[in-house]
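If you're wondering where the values come from, they're calculated on a predicted model, not measured in any experiment. So that the names make sense, note that chain A is the first sequence line, chain B the second, and so on, each numbered from 1.
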2 protein chains.
Amino acid sequence: MLQKEKPTIMDIAHMSGLSKGTVDRVLHNRGEVSRKSYDKVMSVIKELGYEPNVFASALARGVSPRIAVLIPEYGPGSYWELALMGIGKASDTIGPLGVDTELFQYNPSDAASFQDACNRLLASSPSGVVVAPMFRLGVQMLTAELRRKSIPYVFFDTKQDDEGYLAYFGLPEYKSGYLCADQLTIDRSASEVLVVRIKRDPFRQSDPTIIRRAGFLDYMHEHYPDCTVRSLFIDPDDPVRTDQELNSFFEAFPGTTHVAMFNSRIYLIAPWLERHPAQVRRVVGFDNLTANLNALSRGTVSALIAQHPDEQVAMGIQALFDFIVLGKKPLRRDNYMHMDILTRYNIESY
Amino acid sequence: MLQKEKPTIMDIAHMSGLSKGTVDRVLHNRGEVSRKSYDKVMSVIKELGYEPNVFASALARGVSPRIAVLIPEYGPGSYWELALMGIGKASDTIGPLGVDTELFQYNPSDAASFQDACNRLLASSPSGVVVAPMFRLGVQMLTAELRRKSIPYVFFDTKQDDEGYLAYFGLPEYKSGYLCADQLTIDRSASEVLVVRIKRDPFRQSDPTIIRRAGFLDYMHEHYPDCTVRSLFIDPDDPVRTDQELNSFFEAFPGTTHVAMFNSRIYLIAPWLERHPAQVRRVVGFDNLTANLNALSRGTVSALIAQHPDEQVAMGIQALFDFIVLGKKPLRRDNYMHMDILTRYNIESY
DNA sequence: ATTTTTTCCGTTACCGTGCACGGAATTCAA
DNA sequence: TTGAATTCCGTGCACGGTAACGGAAAAAAT
């Protein structure tokens with residue numbers, strides 16, 4: 001199928017007996033065109049299969065979008081650091097096309113800090129925004145303002161009730177809990193299971209682990225109704241205390257052979273597990289943090305379910321780029337991305 | 001970090017007291033510039049941190065690259081059909097940027113057909129080529145010709161000894177065999193294992209399953225030295241015969257509880273397995289063909305290891321685009337992509 | 001010293017769109 | 001019927017870079 005010369009806006013102008021100015025007005029339907037001319041131009045466009053030259057268009061418009069990304073502050077090796085890598089990846093792809101990405105961060109345990117970040121973000125008046133919603137109310141205010149300024153925004157990681165978002169990139173949370181249970185019990189020997197959970201500050205509004213837990217429990221109920229599932233709450237900032245908690249738990253329930261966590265902090269219990277190698281048969285957690293990958297390659301953790309926040313932000317940025325620069329809406333609004341099963345034998349390819 | 005006005009080629013011309021023609025000659029170093037002027041321009045470029053506007057550049061050059069893809073003919077639901085979907089995906093992304101992709105196919109069991117496809121491809125004089133090497137000799141001739149015409153090309157799926165390829169996208173084959181063994185024996189109950197293999201025509205030159213098999217056997221030897229691994233060869237075009245072969249195999253070795261295949265054809269033995277549900281505990285194969293996914297969701301197949309040829313071609317096309325249009329070489333030449341573990345609980349996200 | 005060649009550089013016409021501006025044609029008001 | 005207000009449309013420049021063309025200056029040949 002040979003591709004002949006692409007028709008230009010001038011071809012259309014000639015064929016419809018009008019000028020390129022009129023054609024341009026039709027293309028961006030900004031009025032000032034008679035019904036007759038409009039129809040004529042439209043028919044010619046369809047006939048020739050005209051497609052605008054994005055290079056010329058972008059050049060003429062002088063686009064140089066700045067895309068703002070709003071995520072929590074992160075420590076080294078944390079979940080959000082992965083997201084940051086995605087920003088870098090996206091910058092590499094579309095950076096040469098004149099796109100700048102700007103990062104705004106906040107303290108996840110301080111609503112005022114979030115407000116502050118929002119204000120700074122809005123003050124920079126970006127062309128598009130990528131957000132990981134954490135404070136429901138704060139995000140609502142932010143998106144309302146963005147809509148008012150008609151700045152497109154996408155969500156990733158967590159979705160939020162909202163009308164105007166351009167796209168969402170995240171995980172099917174319920175399914176991920178289900179999958180977690182399957183990976184945990186794949187050796188068919190589970191009878192007593194421990195789920196380690198984090199003591200959450202009550203202000204935390206959107207917690208994906210709640211839904212994951214639901215999927216996990218449903219799986220267990222369906223496949224292993226006789227299996228006992230127990231919870232243990234730990235404080236992520238107090239390793240000594242965590243150690244004690246684990247000690248006393250396994251003292252009370254020595255038959256526990258399988259351990260799962262629904263957040264990215266499985267590395268917190270890796271030290272204990274390594275000091276008691278005979279106790280546990282399978283351990284499953286979430287997310288490919290460096291610490292988790294280390295535990296995985298040492299065999300302490302059996303499997304990780306990875307959601308690749310880097311890909312999520314990258315796709316979010318890409319979607320904004322397509323929309324702003326190329327004028328293309330995303331194919332799907334809600335994009336549930338793949339969850340990958342990581343074992344010690346396939347981590348190297350990540 | 002506010003981004004001020006990007007310097008243009010004119011800014012550089014002014015600052016160096018020369019004209020934009022000279023600056024352009026320096027930028028594309030095509031000579032006709034005195035040493036003195038060259039140095040002057042270069043220093044100004046560095047000083048201002050000049051970066052060319054790709055939109056203007058592409059527009060002026062009138063780029064409309066045609067990228068040729070060379071793969072075998074495929075039946076519906078086959079491995080190569082997945083690759084084709086990647087072409088569609090890539091077209092969606094860079095199609096609006098004026099890129100055309102053209103497909104060339106050949107009969108994988110007919111070397112003459114391959115030659116023919118190569119000739120047609122060369123005759124179309126594309127701006128870049130994506131190849132899945134199958135006939136070693138034929139590919140060598142093709143790439144030699146491409147190098148002569150200085151047309152960039154990338155490999156995917158299989159790599160080939162070759163000097164001039166721009167990039168390669170594929171799977172770490174050895175590791176994939178290792179991973180396959182791990183997934184097969186994850187229930188720790190394997191003592192007799194069956195590996196189903198395809199009777200290959202001898203002309204077939206590059207067969208990734210050989211290396212996969214090596215990885216598989218190494219894993220088994222390391223982790224389950226007492227486990228017996230047997231092979232059974234089947235003819236992919238003769239389902240009746242396959243059925244008989246399986247019957248007599250399991251009659252001879254009724255203790256066989258685990259089955260693996262190293263190619264994408266695990267669906268071939270799914271019917272037999274479904275008629276003998278009690279016989280086998282775990283079944284592991286490769287690649288997310290529709291037929292395989294069906295078997296997976298029915299529970300006939302326990303896990304699939306997917307290499308996503310669609311992503312591989314898409315990245316190949318992307319790499320060519322970056323190189324041709326944006327003038328960017330790929331970061332890495334050999335790109336070993338992730339292998340994903342698919343179970344019935346995470347297939348929906350793919 | 002004059003002609004020829006070479007080296008080097010500026011000028012200029014695009015590439016295809018976007019958009020401001022101004023003017024012609026039409027309609028409305030008086 | 002005339003002036004004003006709309007409606008509608010064409011013209012022309014800008015965007016930043018590419019590359020052909022031609023000419024001035026310097027070097028080489030006569």
Side-chain angles (χ1 to χ4, degrees), chain A residues 3-42 44-45 48-65 96-99 127 324-328, chain B residues 3-42 44-45 48-65 96-99 127 324-328:
Chain A
Q3 200 71 20
K4 48 201 71 178
E5 294 294 307
K6 301 247 181 199
T8 74
I9 213 172
M10 277 303 252
D11 296 327
I12 296 175
H14 288 142
M15 291 208 61
S16 47
L18 292 160
S19 76
K20 64 177 187 138
T22 307
V23 175
D24 185 66
R25 275 184 285 267
V26 171
L27 283 171
H28 302 85
N29 50 311
R30 43 182 159 91
E32 315 219 350
V33 177
S34 72
R35 182 59 195 263
K36 201 175 122 192
S37 305
Y38 184 89
D39 290 342
K40 179 66 185 166
V41 169
M42 282 306 259
V44 175
I45 286 176
L48 295 192
Y50 168 79
E51 283 185 7
N53 181 324
V54 286
F55 294 120
S57 176
L59 175 60
R61 276 180 303 160
V63 289
S64 60
L97 301 182
V99 186
S127 350
I324 297 171
V325 179
L326 309 183
K328 285 208 311 180
Chain B
Q3 200 71 20
K4 47 201 72 178
E5 295 294 307
K6 302 245 180 200
T8 75
I9 212 172
M10 276 303 251
D11 297 326
I12 296 175
H14 288 142
M15 291 209 62
S16 47
L18 291 160
S19 76
K20 62 176 187 158
T22 307
V23 175
D24 185 64
R25 274 185 287 268
V26 171
L27 282 171
H28 302 84
N29 51 311
R30 45 181 158 92
E32 316 222 346
V33 177
S34 71
R35 182 60 195 263
K36 200 175 124 193
S37 305
Y38 183 88
D39 291 341
K40 179 67 185 166
V41 170
M42 282 306 260
V44 175
I45 285 176
L48 295 192
Y50 168 78
E51 284 185 6
N53 181 324
V54 286
F55 293 119
S57 175
L59 175 61
R61 275 181 304 161
V63 289
S64 59
L97 301 183
V99 185
S127 349
I324 296 170
V325 179
L326 308 182
K328 286 209 313 182

Looking at dG17(D), dC19(C), dC8(C), which one has an atom nearest to any side-chain atom of Glu32(B)? dC8(C)
Please report, rounded to the nearest Å, how far the P atom of dT18(D) is from the CG atom of Asp24(B). 5 Å
Rounded to whole Å, please give me the gap between OH in Tyr38(B) and C1' in dC9(C). 17 Å
Are more than 12 heavy atoms, taken from residues, nucleotides or ligands other than Arg35(B), located less than 6.0 Å from that residue's CZ atom? no
Classify the side chain of Arg25(A) versus the base of dG18(C) as yes if they form a donor-acceptor pair under 3.5 Å and no if they do not. no
dT18(D) phosphate, OP1 or OP2, under 4.0 Å from His28(B) side-chain N/O: yes
For Pro7(A) and Tyr50(A), the nearest pair of non-hydrogen atoms, with its separation, is O-CD1, 3.3 Å
Please confirm whether the shortest side-chain N or O distance from Ser57(B) to OP1 or OP2 of dT18(D) is below 4.0 Å. yes
Return no unless some side-chain N or O of Thr22(A) is found under 4.0 Å from OP1 or OP2 of dG10(D). yes
Under 4.0 Å from OP1 or OP2 of dC9(C): is there any side-chain N or O of Ser34(B) that close? yes
Take atom CG of Asn29(B) and atom C1' of dC8(C), then tell me their distance rounded to the nearest Å. 16 Å
Quick one: is Tyr50(A) getting a side-chain N or O under 4.0 Å of the dT17(C) phosphate, OP1 or OP2? yes
For Asn53(B) and dT18(D), what is the distance between atoms CG and C1' respectively, to the nearest whole Å? 13 Å
Using a distance-only criterion (donor-acceptor N/O pair, under 3.5 Å, no hydrogens), is the base of dG17(D) paired with the side chain of Lys20(B)? yes
Can you tell me how far P of dT7(C) sits from CZ of Arg30(B), to the nearest Å? 17 Å
State, yes or no, whether a side-chain contact exists between Asn53(B) and Leu59(A) at a heavy-atom distance under 4.5 Å. yes
Phosphate-side-chain proximity, Ser19(A) and dG10(D), N/O vs OP1/OP2 below 4.0 Å: yes
Rounded to whole Å, please give me the gap between CD1 in Ile9(B) and P in dG17(D). 5 Å
With side chain to side chain contact (heavy atoms under 4.5 Å, CB included) as the test, pick out the partner of Val33(B) among Val23(B), Val41(B), Val26(B), Asp39(B). Val26(B)
Looking only at the side chain of Leu18(A) (C-beta and beyond, no hydrogens), which of the listed nucleotides dG18(C), dG17(D), dC9(D) gets closest? dC9(D)
Close side-chain approach of Met15(B) to Leu48(B), heavy-atom, < 4.5 Å: yes
Walking DNA chain C from its 5' end, the first of Ala60(B) and Lys36(B) to be reached, judged by nearest nucleotide, is Lys36(B)
What is the distance, to the nearest angstrom, from the NE2 atom on His14(A) to the C1' atom on dG16(C)? 13 Å
Would you tell me if any nitrogen or oxygen in the side chain of Ser37(A) comes within less than 4.0 Å of OP1 or OP2 on dC9(D)? yes
From CG of Asp11(B) over to P of dC15(D), roughly how many Å is that when rounded to an integer? 11 Å
Within the structure shown, what part of the strands sits under 4.0 Å from Arg35(A) by heavy-atom distance: base, sugar-phosphate, or nothing? nothing
Drop me the distance from Leu18(B)'s CG to Asp24(B)'s CG, to the nearest 0.5 angstrom. 13.0 Å
